[in-house]
Amino acid sequence: MTLRSTIKPPRLATWLLSRVLPDDGRAANIAGDLLEEFYADAAHSRMTAAWRYWRHTLSIAVRYSGNARRAARERPPSRQRVSGWLDVMRHDLSYAMRSLAKAPAFSAVAILTLAVGIGANAAIFSVLHAVVLADLPYHRADRLAVLWTLNVRQNIPDGSSYLNFRDWKEQSRQFENMAVYRRPEFTRATVTGGQEAERIHIALVGPGFFQVLGAPPVLGRTFDDSDFRGAQRPVVISHSLWRQRFAGDPAVLGASLDVDGTPSQVVGVMPHGFEFPNKDVQLWQPISVMRNWEALQTNPRSRDADMLMVVGRLAPLATIETARAELDMIAARLRDDYPDSNTGSGVLIQRLTDQVIGSRTERSLWLLFGAVAFVLLIACANVANLVLARGAARVHEFSLRTALGASRTRLVRLVLTENIVLAVLAAGGGLILAGLILEILTTWAARALPRLENVQLDVNVFLFALATSLTCGLVAGLLPAFQLSAMNPVERLREGITRPVLGWRRLAHVRQGLVIAELALAVMLLAGAGVLIRSFLRVQAIDRGFDSQHTLLLQVDLGSRYDGPRAIEYFRQARARIQALPGIADAGAISNFFISRRPDLRISPEGRPPDAPDDPAPPLIRDWVVPGYFEAMRIPLVAGRYLQDGDVNPDAPDVVVINQEMARRFWPGEDAVGKRLKFGRVPTPDAPWATVVGVVSDMKRQGLEETPVACLFEPGISTRMDLVVRTLGDPALMRNAIRAELMALDPAIPPYGIVAAEQRLGDTVSLRTLQTILLAAMSASALILAVIGVYGIVHQSVAARTREIGLRMALGASRPEVLRMILSSALGLAAAGLGFGLIGALAMARTMSSFLYETSAVDPLTYMSVIALLAGVTAAACLVPARRASRIDPMVALRCD
Amino acid sequence: MGSSAPLGEFEQLVLLAILRLGEDAYGVTIAGELERRAGRRVSRGALYTTLDRLETKGLLRWKINAGARERAELPRRTYAVTTRGLAVLRASRQVLQRMWNGLDDLLKEPAS
């Protein structure tokens with residue numbers, strides 16, 4: 001049962017099947033048979049099942065469309081002759097088919113080349129469409145915006161307080177409506193009811209939340225005002241939770257669900273794809289379940305709270321710019337009215353689409369789309385070249401046709417029809433290829449791209465592939481079509497001329513131009529991929545500042561179960577239990593390993609006047625650390641000592657460990673160990689002194705490409721901690737054992753968010769990895785296509801110049817001379833392609849540089865490698881035809897005509 | 001049989017497979033039987049067009065069965081050989097046997 005709900009046969013194949021089968025009951029029978037076999041196969045291997053389904057579908061398509069053609073032929077002539085025009089078209093089509101079938105090598109190469117180009121384009125287009133172009137699943141999603149409280153001095157966006165939100169909402173005319181929700185990183189809940197307990201992401205949402213988003217439920221209702229007052233606990237659940245926990249039962253409304261031990265009632269189900277604030281959220285609760293909700297709304301001292309996020313819908317005539325201007329004014333007013341809490345606070349407004357997709361993702365995808373368009377252009381040029389070469393060989397055939405009365409338009413149409421048939425076949429192949437690429441991409445790139453689960457080969461992609469392929473067919477076919485039709489048949493037949501109309505020389509020029517263009521495009525792609533690869537290698541080589549291998553991270557939230565000393569005891573025991581497991585090297589804990597937010601914190605070192613409150617303060621991070629953390633992470637000690645168990649004791653002197661960045665910033669050129677400092681949001685004179693006892697190296701823990709931030713580590717704990725465990729082997733193998741130990745310590749505190757540090761850091765560069773690999777793959781296929789083009793043209797020119805070469809050799813030219821002649825003409829092409837390509841690459845350098853990490857977009861080493869690669873590959877491609885030219889026997893060559 | 005054209009080899013195999021399967025003869029099982037016994041890969045296009053053709057010739061009939069869950073409730077056609085189909089099969093076996101007569105020594109399996 002589960003298998004069938006998750007696996008579907010290839011959509012395109014099913015569609016094809018429904019098109020070709022007769023509409024009389026046989027279709028349902030055959031479709032059923034294939035489906036049955038598909039599921040039986042899928043139980044063993046999904047790949048085999050899909051492959052066999054395709055094979056069966058294609059064989060059926062071939063047989064049944066053949067039958068339909070035969071049936072059409074057998075129909076009485078009166079019905080057959082619907083109109084003369086249709087007849088001619090059918091004739092053209094069948095002619096094109098026959099003529100392509102007569103040249104199988106040409107057809108196969110042309111179809112394959114185009115299919116590669118179209119397939120790659122369709123795949124990238126469908127990703128671009130699903131991730132960037134398709135609307136978010138909210139009503140007029142382009143009118144939605146997210147509002148942050150901006151820490152103006154540090155330029156850091158942060159959450160907002162209810163009171164500030166209320167003033168924004170009341171005073172704003174540019175926003176039609178606004179609603180709050182709790183910052184999602186703090187909201188998880190354990191759900192029970194019916195099945196086993198499960199820790200899921202939930203969202204606490206304020207009044208009007210669903211109305212602002214304009215997202216109606218698929219079942220039941222969303223929250224109304226009474227839900228925020230009553231003692232009832234209504235919840236709205238996600239589509240996936242509905243499917244998982246309630247098997248998609250429509251009777252779910254009114255069902256009971258325990259959320260963190262409180263019985264709640266399901267009142268609504270959201271549609272598939274509704275994933276706000278993020279895609280992990282499975283359940284929505286009224287924000288009034290927060291214990292301090294009343295206080296947040298009324299207590300004037302809660303104005304500097306930062307736990308809420310705000311989403312707003314722009315008023316009909318407002319734009320994001322007018323909204324920004326208006327909220328700036330409102331924020332200025334609030335700064336004046338509430339200097340205690342609002343000094344230094346502004347508002348940051350971001351389009352919802354920008355927040356969900358991310359501008360970097362969007363630019364990356366457009367870059368890839370541009371690159372893949374280059375590949376298609378190269379494929380087109382290659383096919384045009386093939387068609388031209390073939391046209392030269394068909395001069396006699398066309399002369400004969402013209403002489404027998406075929407009009408010029410008819411001939412143009414014949415050639416164009418041939419190309420269109422080619423293109424349509426290529427589009428079919430391309431779609432199959434795109435399906436395969438997407439199959440790989442969606443599993444492999446899921447961590448790099450948002451909304452990837454929406455990717456599918458839908459009508460848009462189908463139309464896109466068809467349109468591109470037809471354009472390619474026309475572009476690649478127009479020139480040869482006119483060339484063939486513009487000739488004087490009588491003369492040609494009489495003289496037996498087999499020269500093309502343009503003449504060898506001009507035809508050769510056109511074809512050389514195409515090859516140069518191909519090479520130039522390939523060079524641009526290679527240069528782009530080259531600098532990306534270099535930058536990728538730099539990122540991989542970044543010193544993380546700790547040993548990220550064999551490190552497992554687990555989050556624990558003690559909530560209100562433990563207070564100060566008992567919480568310290570909990571971590572002491574947790575550490576002891578984990579360390580007692582076999583395969584564990586060390587364990588420690590830190591309050592927030594992956595820096596998710598930056599507190600507004602200032603320090604004032606001893607002997608220096610404190611910062612003025614308005615001075616811009618560079619970011620500073622404070623973490624609580626349980627001793628053992630530095631050792632577990634293998635963070636090198638630069639000076640002084642690590643934190644020790646005794647430092648946690650309440651009566652121990654206040655000590656801190658800082659990182660190098662902080663030492664550099666506050667005590668440049670001095671030894672920071674032993675220095676004293678005070679810290680706090682605004683350090684007061686009566687705050688206690690803390691002594692720096694150690695300096696550790698900088699860690700890249702917020703992401704590999706981020707610059708290091710000054711950090712201050714204090715011994716102690718917060719309610720939510722990240723346990724870090726160093727394992728001897730693969731950390732993933734230890735997760736269950738560690739989880740079991742912690743559950744044994746306290747079953748009410750299940751660890752969550754368990755992840756290997758290396759994987760999590762890899763996630764921060766997954767977009768870069770994806771972009772690099774895809775661009776490298778594209779430039780490789782571009783290079784191959786371009787080299788095929790070079791090979792083709794050299795091969796052809798050797799064939800055409802057999803006589804000339806024979807003559808030269810008869811007159812005394814040596815073999816090396818002939819070899820050099822052919823090679824130099826090919827390398828001339830390569831040089832021209834390289835020249836134009838490098839100019840193009842330089843023109844693109846600015847676009848590229850925004851994607852690079854500490855790498856120049858005109859990196860000399862990369863460019864040299866591209867030049868060497870292209871020269872080498874081109875030479876290799878012409879070696880075979882050039883050697884053949886040098887082996888020409890002059891006698892044989894001269895005797896043949 | 002009279003007017004009907006002689007059976008092709010694949011047609012014969014399909015009819016025999018249906019007879020072997022009895023009540024349970026439908027697309028999937030027929031293909032499976034042919035693959036198992038005759039040891040050949042069966043193109044589904046060939047199979048279904050052959051079934052159609054045999055039906056037009058009057059050698060086969062089918063009835064509709066309700067679809068099961070494992071085929072998404074799509075109906076299932078089970079096939080049976082008509083009396084005329086049986087007659088044609090018998091005739092073609094007789095032809096083959098007549099042609100085989102006297103060739104047994106020549107064509108017997110080599111003893112290995």
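Below, read A as the first sequence line, B as the second, and so on, with proteins coming before strands; counting in each chain starts at 1. Note that the coordinates shown come from a computational prediction; the quantities given were computed from them, not determined experimentally.
Ranked by non-hydrogen atom pairs under 4.5 Å with chain B, the options A:Ser59, A:Ala31, A:Ala40 are led by A:Ser59.
Contact annotation for B:Ala31: neither backbone nor side-chain heavy atoms come within less than 4.5 Å of a heavy atom of chain A. There is no contact between B:Arg53 and chain A, counting heavy-atom distances below 4.5 Å.
With hydrogens and angles left out, the side-chain atoms of A:Asp33 and B:Tyr48 include a donor and acceptor closer than 3.5 Å.
Salt bridge absent: A:Arg11 and A:Glu439 never bring a charged side-chain N and a carboxylate O closer than 4.0 Å. The pair B:Lys57-B:Glu11 counts as a salt bridge, with a side-chain nitrogen and a carboxylate oxygen less than 4.0 angstrom apart.
Between A:His91 and A:Tyr95, the two ring planes are parallel [angle under 30°; tilted spans 30° to 60°].
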